[in-house]
Enquirer: 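I am attaching a structure below and will ask some questions about it afterwards.
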Amino acid sequence: MLDAKYLRSEVEQAAERLLARGYQLDVNKLKELEEQRKSLQVRTQQLQSERNTRSKSIGQAKARGEDIAPLLAEVGQLGSDLDQAKADLAQLLLEIDAIALSTPNLPHESVPAGKDESENVELHRWGSIPSFDFEVKDHVAIGEGLDGLDFKSAVKISGSRFIVMKGQVARLHRALAQFMVDTHTLEHGYTEMYVPYLVNEASLYGTGQLPKFGEDLFHTQPATEEGVGMSLIPTAEVPLTNMYRDEIVDEAQLPIQMTAHTPSFRSEAGSYGRDTRGLIRQHQFDKVEMVQIVHPEQSYQALEDMRQHAENILQKLELPYRVVTLCTGDMGFGAAKTYDLEVWLPAQDTYREISSVSNCEDFQSRRMQARFRSTVSKKPELLHTLNGSGLAVGRTLVAVVENYQQADGSVKIPSVLQSYMGGLTQISL
RNA sequence: GGAGAGAUGGCAGAGUGGUCGAAUGCACCGGUCUUGAAAACCGGCAUGGGUUUAUAGCCCAUCUAGGGUUCAAAUCCCUAUCUCUCCGCCA
């Protein structure tokens with residue numbers, strides 16, 4: 001959510017900055033609503049003020065033992081006028097709120113302008129692309145060849161876009177997640193967290209999934225009565241960040257660095273035709289998430305740090321990748337700036353997203369009222385929130401399997417993972 | 001699932017219809033004292049919004065949330081959520 005005061009006083013500027021990311025802010029409507037709000041609010045408050053004064057004098061008269069009947073008569077119309085004004089104002093605020101909650105974050109000034117992913121800017125590449133002297137297979141073929149990926153069972157049990165993993169491949173998947181969590185906690189200073197996979201509606205508003213992106217989520221039916229059921233998390237960012245909803249932390253506690261290994265559930269509505277083969281796009285996938293909650297002045301340094309933390313995982317796994325800065329048109333709803341890490345997939349002969357690291361500045365914390373008490377101003381101020389995948393475990397498995405494949409269909413195990421695999425150096429049938 | 005109790009400022013905790021935005025304590029900030037610190041003492045100290053050049057004043061809202069009663073609600077009524085205690089069930 002954007003700062004209401006900024007939105008009010010600098011509508012034109014806000015609209016211009018939002019246009020850069022392809023969002024059309026309805027300036028005229030906003031101005032009109034704002035004008036109405038102002039006059040209605042002033043009127044409402046005047047009525048309230050009058051009611052307060054009169055009620056107070058009635059109380060005082062009664063305390064003196066005077067007859068309050070004439071005073072009561074004077075109040076007459078006031079109540080219903082006030083009720084009407086309050087109702088009108090509430091309705092108006094609802095409308096303004098709806099716009100505010102649906103407006104994406106402003107891009108940081110360092111973000112390159114562009115309309116879609118084709119205009120993202122490559123920051124750098126790491127590692128050398130492997131060459132194979134045999135015909136490269138994709139992870140589906142390799143995984144099925146190793147009897148480690150069972151798409152058929154998954155379809156039977158649940159449907160498309162689910163996976164059953166088996167044997168050493170399942171173990172490799174688990175090893176990857178543990179390696180990532182260990183690296184973040186032992187080397188990067190994060191605290192390991194275990195969090196709920198079902199969250200309430202308020203949490204989804206807090207991080208910005210609602211009100212706009214409800215169709216991307218899986219929602220549960222409430223077990224009883226009407227009301228809103230809980231939703232499966234699309235990322236651990238939701239529970240982790242929302243821990244600080246409606247909190248005021250001491251400045252000394254900053255920065256807060258948390259990591260969690262959780263499944264992520266996405267309905268992927270609107271992408272039915274894409275990546276139908278394999279593990280790339282699943283309704284359920286594991287991810288190790290990093291979240292930082294920091295002082296506003298530190299957030300861009302934290303963004304660089306987090307990108308480095310995610311890169312470090314790929315480097316230790318010796319997987320070639322590149323880093324791109326997302327352009328204004330390709331960024332997510334709440335992000336002010338985002339880096340994507342893209343890992344090399346030999347079978348696709350291209351780089352594919354494996355991590356996304358974003359600084360949301362105060363966009364989420366304003367929605368959540370996540371604040372710290374400033375040692376300077378002594379006042380509560382909004383924190384900055386950042387999140388990043390470190391990494392998407394399923395896609396990392398894909399990258400390991402494809403980059404470490406051998407001619408006979410076996411897969412070598414990256415050296416950093418071998419201790420997590422009981423010393424195993426390769427997986428074969 | 002059954003029975004009961006509760007939710008108040010950063011925290012703890014008073015307040016059961018009227019001058020209560022809310023006692024008190026802790027924490028925090030400023031000061032006195034002290035070589036310095038601690039202690040003691042004095043003072044200050046909620047958040048959001050409107051108006052405004054103003055972080056000055058004035059006004060409004062907020063005592064879990066949403067409804068209701070009333071001239072007037074932290075206080076009374078209803079609903080929801082959450083917490084705690086006891087019983088049942090359960091991994």
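Note that the coordinates shown come from a computational prediction; the quantities given were computed from them, not determined experimentally. Lettering of chains follows the sequences in order, A, B, ..., and the numbering in each one begins at 1. Computation of the quantities below employed the complete heavy-atom set of this structure, encompassing side-chain atoms and omitting hydrogens, waters and symmetry-equivalent molecules.
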Enquirer: Tell me every residue that passes side chain to side chain contact (heavy atoms under 4.5 Å, CB included) with A:A20, counting only those two or more places apart in sequence or in another chain.
Expert: A:T328
Enquirer: Tell me the interatomic distance from A:K56, atom NZ, to B:G17, atom C1', rounded to whole angstroms.
Expert: 15 Å
Enquirer: Go ahead and name the base partner of B:C86; Watson-Crick or wobble counts if both distances stay under 3.5 Å, otherwise write none.
Expert: B:G2
Enquirer: Can you tell me how far C1' in B:C63 sits from the matching atom in B:U55, rounded to whole Å?
Expert: 26 Å
Enquirer: With rounding to whole Å, what would you report as the distance between B:A40 and B:A27 at their P atoms?
Expert: 9 Å
Enquirer: What integer distance in Å separates A:R54:CZ from B:G18:C1'?
Expert: 17 Å
Enquirer: Do A:R352 and A:D275 meet the salt-bridge criterion of a basic N to acidic O distance under 4.0 Å?
Expert: yes
Enquirer: How would you summarise protein contacts on nucleotides 52-65 of chain B per nucleotide, using B for base, S for sugar-phosphate only and - for none, with heavy-atom distances below 4.0 Å?
Expert: -------BBS----
Enquirer: Could you measure between the two P atoms, the one in B:C11 and the one in B:A65, and give it in whole Å?
Expert: 14 Å
Enquirer: Nearest whole angstrom, please: distance from the P of B:C82 to the CD of A:E201.
Expert: 14 Å
Enquirer: To the nearest Å, give me how far apart CZ (A:R43) and P (B:U51) are.
Expert: 17 Å
Enquirer: Flag the pair A:R277 and A:D138 as a salt bridge only when some basic side-chain nitrogen lies within less than 4.0 angstrom of an acidic carboxylate oxygen.
Expert: yes
Enquirer: On RNA chain B, compare the nucleotides closest to A:V42 and A:G59; which residue's is nearer the 5' end?
Expert: A:G59
Enquirer: Are A:E12 and A:K31 ion-paired here, with the side-chain N under 4.0 Å from a carboxylate O?
Expert: yes
Enquirer: Has A:T207 got a side-chain atom pairing as donor or acceptor with A:S203's backbone, closer than 3.5 angstrom?
Expert: yes
Enquirer: Which whole number of Å gives the distance between the C1' atom of B:G88 and that of B:U81?
Expert: 24 Å
Enquirer: Evaluate A:D340 against A:S356 for side chain to side chain donor-acceptor pair (under 3.5 Å), listing each step before the verdict.
Expert: CA-CA 4 Å; A:D340 270 9; A:S356 189; 2.8 Å; yes
Enquirer: Separation of A:L72 atom CG from B:G18 atom C1', in whole Å?
Expert: 13 Å
Enquirer: Please name the nucleotide paired to B:C26 by Watson-Crick or G-U wobble geometry with both distances under 3.5 Å, or report none.
Expert: B:G10
Enquirer: What is the nucleic acid contact for A:I248, judged by heavy atoms within less than 4.0 Å: base, sugar-phosphate only, or nothing?
Expert: sugar-phosphate
Enquirer: So which nucleotide from B:G49, B:A72, B:U47 ends up closest to the side chain of A:P380?
Expert: B:U47
Enquirer: Who is the Watson-Crick or G-U wobble partner of B:A40, with both distances under 3.5 Å?
Expert: B:U32
Enquirer: Choosing from B:U47, B:G49, B:C71, which nucleotide comes nearest the side chain of A:K379?
Expert: B:U47
Enquirer: Quantified in whole Å, what is the P atom distance between nucleotide B:A56 and nucleotide B:U51?
Expert: 16 Å
Enquirer: Side chain of A:R371, heavy atoms from C-beta onward: which of B:U19, B:G18, B:G48 has the nearest atom to it?
Expert: B:G48
Enquirer: Would you call A:D250-A:R373 a salt bridge at under 4.0 Å N-O?
Expert: no
Enquirer: Rounded to whole Å, how long is the line connecting atom CE of A:M368 with atom C1' of B:U47?
Expert: 18 Å
Enquirer: Using the ring pair (Phe, Tyr, Trp, His ring centres under 6.0 Å) rule, take A:F265 and A:H283 through it: C-alpha gap first, then chi angles, then the decisive distance, then the call.
Expert: CA-CA 5 Å; A:F265 301 91; A:H283 285 315; 9.9 Å; no
Enquirer: Partner of B:G48 by Watson-Crick or G-U wobble geometry, both contacts under 3.5 Å, or none?
Expert: B:C60
Enquirer: May I ask which nucleotide in the shown strands pairs with B:C71, Watson-Crick or G-U wobble, both distances under 3.5 Å?
Expert: B:G18
Enquirer: Between A:K38 and A:E35, is there a side-chain N and carboxylate O pair less than 4.0 Å apart?
Expert: no
Enquirer: Base of B:G18, side chain of A:K62 - is there a donor-acceptor contact under 3.5 Å?
Expert: yes
Enquirer: Mind checking the P distance from B:U53 to B:C41? Whole angstroms is fine.
Expert: 46 Å
Enquirer: Can you check the distance between B:A80 and B:G30, where both ends of the measurement are the C1' atom (answer in whole Å)?
Expert: 45 Å
Enquirer: To the nearest Å, give me how far apart CG (A:D246) and C1' (B:G9) are.
Expert: 15 Å
Enquirer: Measuring only the C1' atom in each nucleotide, how far is B:G13 from B:G25? A whole number of Å is fine.
Expert: 8 Å
Enquirer: Send over the distance from A:R366 CZ to B:G49 C1', rounded to a whole Å.
Expert: 15 Å
